[in-house]
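Below, chain A is the first sequence line, B the second, and so on; all start at residue 1.
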Protein chains: 2
Amino acid sequence: MKPRNTKAKTKIKELIISSYTALSQSEIQNSLQGLCDRVTIYRVLERLLDEDIIHKIVNTDGVIKFASCQSCSSEHSHNHIHFSCQKCKSLTCLEDVEPTYKLPNNYKVSEMNFTLSGLCPQCS
Amino acid sequence: MKPRNTKAKTKIKELIISSYTALSQSEIQNSLQGLCDRVTIYRVLERLLDEDIIHKIVNTDGVIKFASCQSCSSEHSHNHIHFSCQKCKSLTCLEDVEPTYKLPNNYKVSEMNFTLSGLCPQCS
DNA sequence: ATTACTTTTGCAACATTGTTGCATTAAGGA
DNA sequence: TCCTTAATGCAACAATGTTGCAAAAGTAAT
């Protein structure tokens, strides 16, 4: 199972890397303009996740989005905050923000999902 | 538009209030055993949200869940942490945990969505 | 209890999102 | 160029959520 570079994969990877905001499957589909099947997009996204090229974020409305981020590749930590703008609907990574919190005993944390919503700098 | 108390609404409200964990639409549907239509559940949940009896939480996998919590009714603040157990799949409110974070300028925050995943006390 | 008003429900139909199986296509190393 | 197998397209399906409309059921007044 050696991964191959196909038209679809290359294009989708480019799209996500060059996008400032996280993209959903349907947004990607619209950008591709029929370059490949809907199913292929799902499968390519899965592969890009496996290869740690992108990461997955659940938006505050439950819509799943995909983004690449700088720190991912180097430090392999996807534990950063995301910001969801209620006006322009953009979802962005705030990679430098590290929240602190104090949990009760006996909870073992392995992942964090932290999204703030409101107005982004462009919209406020 | 004066809200009415119907069988479906009463039962669903009871279900959510008496549940320790947040419930999804499908979990509610299974509990109701055909008491009402699928569509009715969606509509009742919407009304309960409007009336601030329950609140909505997006789980880490994008599944939307509903819960009632003590502090909601009194302080009207849904800004607390949630915990999603990867083993028993439960989603619970951690109402006393208040995270701190420092955002860059120009972001206006109006809502918070913070879910930690891992193992809950029962499962760890 | 009956009536009248309006909310709520059920049903059917539809839209969106995501998954799976399988035959076909194409990437890339020999 | 050939060969192997990863990747794709298509069809079919499942799950989740939404909408319109006629019928049913709350609730307040009589």
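Across the protein-nucleic acid pair, A:Glu46 atom CD and C:dG18 atom C1' stand 10 Å apart, rounded to whole Å. Rounded to a whole Å, the CG atom of A:Leu35 is 10 Å from the P atom of D:dT8. Atom NZ of A:Lys9 and atom P of C:dA26 are 18 Å apart (whole Å). Going from atom CD of A:Glu51 over to atom P of D:dA7 covers 8 Å, rounded to whole Å. Across the protein-nucleic acid pair, B:Lys11 atom NZ and D:dA25 atom P stand 19 Å apart, rounded to whole Å. We find that CD1 of B:Ile28 is positioned 14 Å from C1' of D:dT16, with the value rounded to whole Å. Atoms CD (A:Gln25) and P (D:dA15) sit 19 Å apart, rounded to a whole Å. Going from atom CG of B:Leu32 over to atom C1' of C:dT9 covers 14 Å, rounded to whole Å.
Counting only distance, with no hydrogens or angles, the side chain of A:Ser18 and the backbone of A:Glu14 share a donor-acceptor pair below 3.5 Å. No donor-acceptor distance shorter than 3.5 angstrom exists from the side chain of A:His82 to the backbone of A:Asn59, with no hydrogens or angles considered.
Salt bridge B:Lys102/A:Glu98: absent, no basic N to carboxylate O contact under 4.0 Å.
Closest to the side chain of B:Thr40, from the set D:dG17, C:dG10, C:dC5, is C:dG10. Of the candidates D:dA7, D:dC10, C:dT9, the closest approach to any side-chain atom of A:Asp37 belongs to D:dC10. Residue A:Arg43 places its side chain closer to C:dT20 than to any other of C:dC5, C:dT20, D:dA7. Among C:dT8, D:dG17, C:dG18, the nucleotide with an atom closest to any side-chain atom of A:Tyr42 is C:dG18. The side chain of A:Ala8 lies closest to D:dT8, out of D:dT27, D:dT8, D:dT5. With C:dG18, D:dG17, C:dT9 as the choices, the nucleotide that has an atom nearest any side-chain atom of A:Ile64 turns out to be C:dG18.
A:Val44 comes within 4.0 angstrom of the backbone, heavy atoms only, and of no base.
Closest-nucleotide positions on DNA chain D for A:Val39 and A:Arg47 were compared, and the one nearer the 5' end corresponds to A:Arg47. In terms of position along DNA chain C, the nucleotide closest to B:Thr6 lies nearer the 5' end than the nucleotide closest to the other residue of the pair B:Thr6 and B:Arg38.
For an aromatic pair to be called close, the ring centres must be under 6.0 Å apart, and A:Phe114 with B:Tyr101 satisfies this.
Put simply, the residue from B:Leu35, B:Thr40, B:Ile41 that forms a side-chain contact (heavy atoms from CB on, under 4.5 Å) with B:Asp37 is B:Thr40.
At the phosphate of D:dA25, neither OP1 nor OP2 sits under 4.0 Å from any side-chain N or O atom of B:Arg4.
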